[in-house]
Number of protein chains: 4
Amino acid sequence: MTESTRRTRGVQRGPRSVQVVESVRVATLAEMARVGFASFTIDGVAKAANVNRTTIYRRWPSRAALLASVVEPLIERYDADPDTGSVHGDLLALTVMIRDNAALPEGRALIEAVTSGTGELRELVRAMTARTLAPFHRALDRAVRRHELDPAADVKVIAYLAFQGVAMWEQAHDRPPTDDDLNRILRTVLPPASGLRGVA
Amino acid sequence: MTESTRRTRGVQRGPRSVQVVESVRVATLAEMARVGFASFTIDGVAKAANVNRTTIYRRWPSRAALLASVVEPLIERYDADPDTGSVHGDLLALTVMIRDNAALPEGRALIEAVTSGTGELRELVRAMTARTLAPFHRALDRAVRRHELDPAADVKVIAYLAFQGVAMWEQAHDRPPTDDDLNRILRTVLPPASGLRGVA
Amino acid sequence: MTESTRRTRGVQRGPRSVQVVESVRVATLAEMARVGFASFTIDGVAKAANVNRTTIYRRWPSRAALLASVVEPLIERYDADPDTGSVHGDLLALTVMIRDNAALPEGRALIEAVTSGTGELRELVRAMTARTLAPFHRALDRAVRRHELDPAADVKVIAYLAFQGVAMWEQAHDRPPTDDDLNRILRTVLPPASGLRGVA
Amino acid sequence: MTESTRRTRGVQRGPRSVQVVESVRVATLAEMARVGFASFTIDGVAKAANVNRTTIYRRWPSRAALLASVVEPLIERYDADPDTGSVHGDLLALTVMIRDNAALPEGRALIEAVTSGTGELRELVRAMTARTLAPFHRALDRAVRRHELDPAADVKVIAYLAFQGVAMWEQAHDRPPTDDDLNRILRTVLPPASGLRGVA
DNA sequence: TTATAATCGAGACGGTACGTCACGTCTTAGT
DNA sequence: ACTAAGACGTGACGTACCGTCTCGATTATAA
């Protein structure tokens, strides 16, 4: 009896909400890929997700929230530190990760958002930036601790420039940075010794 | 597509126009200072300029055009190269100029625009960036020519990082860069020898 | 012990619905008093009743049903005829009753409903009107039977005008009818003889 | 020269606005006739008028305004007094007018509005009622002045009841009042003498 | 006592309409 | 030759209720 009434249980995964959330997530990605974050609309996402507009407003009160929910998985990657044994290697791993993230539609959207200064995103951007910069700081701190880097080195600025340099590369050069480009950046911001040791 | 149907005739010469153009320019500045580029409206400018909205549309077909007309004087400053005798000095002068420009309302607007990725601004931004980067390149080339800088130095990347580092500083640090901050950036991106010589 | 109290509660109250029904009834009254029938919402009632919205929809499929359940006790008063011995007296008693009903929040709601023409209320209103008019007709019939009223008198119209006159008074005059107002209405619609006899 | 440029002038009457206003007026009528005032929507009118919704909002800030603009011509009829020589005749003319107005879609809408008590219409209704009642008062005053009516007659109540009686007739009887119905109303509210004299 | 049948609360959803905002276009008249 | 004034279509905004549905949890009554 009970079995027959709940005939969809085995098929559907989780409640209806999950379906909706997922399809909205996908549609958001699609829309951002299509028109960019700056000019994507809730209406557009709703249509693409085949979901009612009000439903979106119920769960995501703003475009920022929508972006956040789409971008979260990306950011989480930065929580795990690489450990290659050298500053250069660690930073390279991080910059590669940023570049590869930026190649994904959600990554592009994030970059756009970071740089849009809309105000609605202020908080989100702040959090994201902090979270992305953190592993750079940790890697540099490790390098200082293991005497690979002069303690007097300006690690804050190095981290900032490396991060910024990768993140904005495509905006400025109209193409994503190659591995070589990344190395050039790192060689430029890292003190020579460590930089050379890294590539050696 | 849209271009072909546009009725806007562009900026014109004539007695009345000058009045209008100027008051719109001022009002645009005021509006950008008030609400930022991201969310300033033609309506707002029109009201502030005490000019009819249609009049603005006639002369400036887009917000980008409005921005461009307001930002031009700023950019022109970059056309004249500083000549302090050292790379460090030259680059410092340029970064100071960028910082000081960014302190003006139109400068903020420009930064916002540069980083907004709206698409309507793509072209403008490309031009601006090129124009702002150019003096960096020229300064570095001069340094190479006078053997102050190793010819093998990655001048493109140095220029790019220095520029980007200053331009985005406030976005990332919530305060404009001090002179010391600028020096830290330059010390980080410039090869040690030249860097030291610069401050010496 | 617990068993016996449980049983008692069950016997006393029947299904727990009774609780809900009552609190919804009260809340409906409160809401109608607060915002009027025209713009009261199921949401509002649900909140005020501290009951889930779906619960209301389960029992009352429409606002009309909600209104009906609240208004019923009011209407029941009209089922008992007054017997003052004179037409004027009887009609006065009826009009007083209408006026007093209209002073209650549910009465106001009823009036509003009667006159809203929403369509969803068409049937309800028809029934209510008939039921309210009936005692007028009965009173006039009695008067004819006891020769107080000329059989040629247009009792239908008299009943209709008296009823309508009281019911709409406040709409037109912005204040409820005083006893004197009611008498004026009756004196106007009743043939002189009976009218005079009534007040004598 | 001028002729060729203004080639549409002869055809279109007035500016575009006039066209819009008129088509909205017509569409409003149609919508009110279709669904009643209580549940007609701006969207519906906009679609029916083939005009954008915002355009409607620009001119008519509320449904009340829309109603008013549609109902005005109707009301104006009440500004001219009939002059038949007798109270009964005058009042009959007025009630006939009301009935005939109520037969039109805009008249129905008005009745609905008058009785909807939405609050948004409060003011409109007050004005309309006053304007419709006024000719009744004037007719009765004239009757008193020419000694056709006892000065002690309760003219206020007579006017009110006659008006109300006609206006609400259809609501209560499900059919418009015939001429005979109107006469019955008048005979009931007018003092016998004058009433008889009127028809004699 | 223990099922079974009624409710109820909670939460989500699709949907319609609201009223507002800014956009960019157009026309007419005025200076 | 320009500008002012004003209207319009368009698209999106974010909100409010509507009515419906499904899912446990709770309770009442009957086996």
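The chains referred to below are lettered A, B, ... by the order of the sequence lines, with proteins before strands, and numbering in each begins at 1.
A donor-acceptor pair under 3.5 Å is absent between the side-chain atoms of Thr55(B) and the main chain of Val51(B), judged by distance alone. In terms of modelled atom types and a separation under 3.5 Å, the side chain of Arg34(B) and the main chain of Leu29(B) share no donor-acceptor contact. Between the side chain of Arg108(D) and the backbone N or O of Phe37(D) there is no donor-acceptor pair closer than 3.5 Å.
The residue Asp43(B) sits close only to the backbone: its heavy atoms come under 4.0 Å of sugar-phosphate atoms, none of a base.
Among the nucleotides dG14(F), dA4(F), dC18(E), the one closest to any side-chain atom of Asn52(B) is dA4(F). Closest to the side chain of Tyr57(A), from the set dG14(E), dT15(F), dA4(F), is dT15(F). Closest approach to the Thr54(A) side chain among dT15(F), dC26(E), dA12(F) is made by dT15(F) (side chain taken as heavy atoms from C-beta onward). Taking every side-chain heavy atom of Arg53(B) into account, dT25(E) is the closest of dT25(E), dC13(F), dG19(E).
Atom-to-atom, CD of Glu22(D) to P of dA7(F) comes out at 17 Å; the value is rounded to the nearest Å. The separation between Ile56(A) atom CD1 and dG15(E) atom P is 13 Å, rounded to whole Å. Taking atom CG of residue Leu66(C) and atom P of nucleotide dC17(F), one finds them 15 Å apart after rounding to whole Å. We find that CZ of Phe40(D) is positioned 8 Å from P of dC18(E), with the value rounded to whole Å. The nearest whole Å value for the distance from the CZ atom in Arg63(B) to the C1' atom in dG24(E) is 13 Å. Rounded to a whole Å, the CH2 atom of Trp60(B) is 13 Å from the C1' atom of dC2(F).
Residue-to-nucleotide proximity on DNA chain F shows that, of Ile42(A) and Val51(D), the 5′-proximal contact is made by Val51(D). Between Lys47(D) and Lys47(B), the residue anchored nearer the 5' end of DNA chain E, judged by the nucleotide with its closest heavy atom, is Lys47(D). When each of Asn50(B) and Thr41(C) is assigned the nucleotide of DNA chain F with its nearest heavy atom, Asn50(B) is the one assigned upstream, toward the 5' end.
Side chain Arg58(D) to base dG9(F): a donor-acceptor pair is found below 3.5 Å.
Between the side chains of Thr54(A) and Asn52(A), at least one donor N or O sits under 3.5 Å from an acceptor N or O.
For dC8(E), one of the phosphate oxygens OP1 or OP2 lies less than 4.0 angstrom from a side-chain nitrogen or oxygen of Arg59(C). Dashed line: the shortest gap from a side-chain N or O of Thr55(B) to OP1 or OP2 of dT3(F) is not under 4.0 Å.
Every residue meeting the side chain to side chain contact (heavy atoms under 4.5 Å, CB included) condition with Arg126(A), not counting sequence neighbours, appears here in chain and number order: Arg122(A), Glu123(A), Asp174(B).
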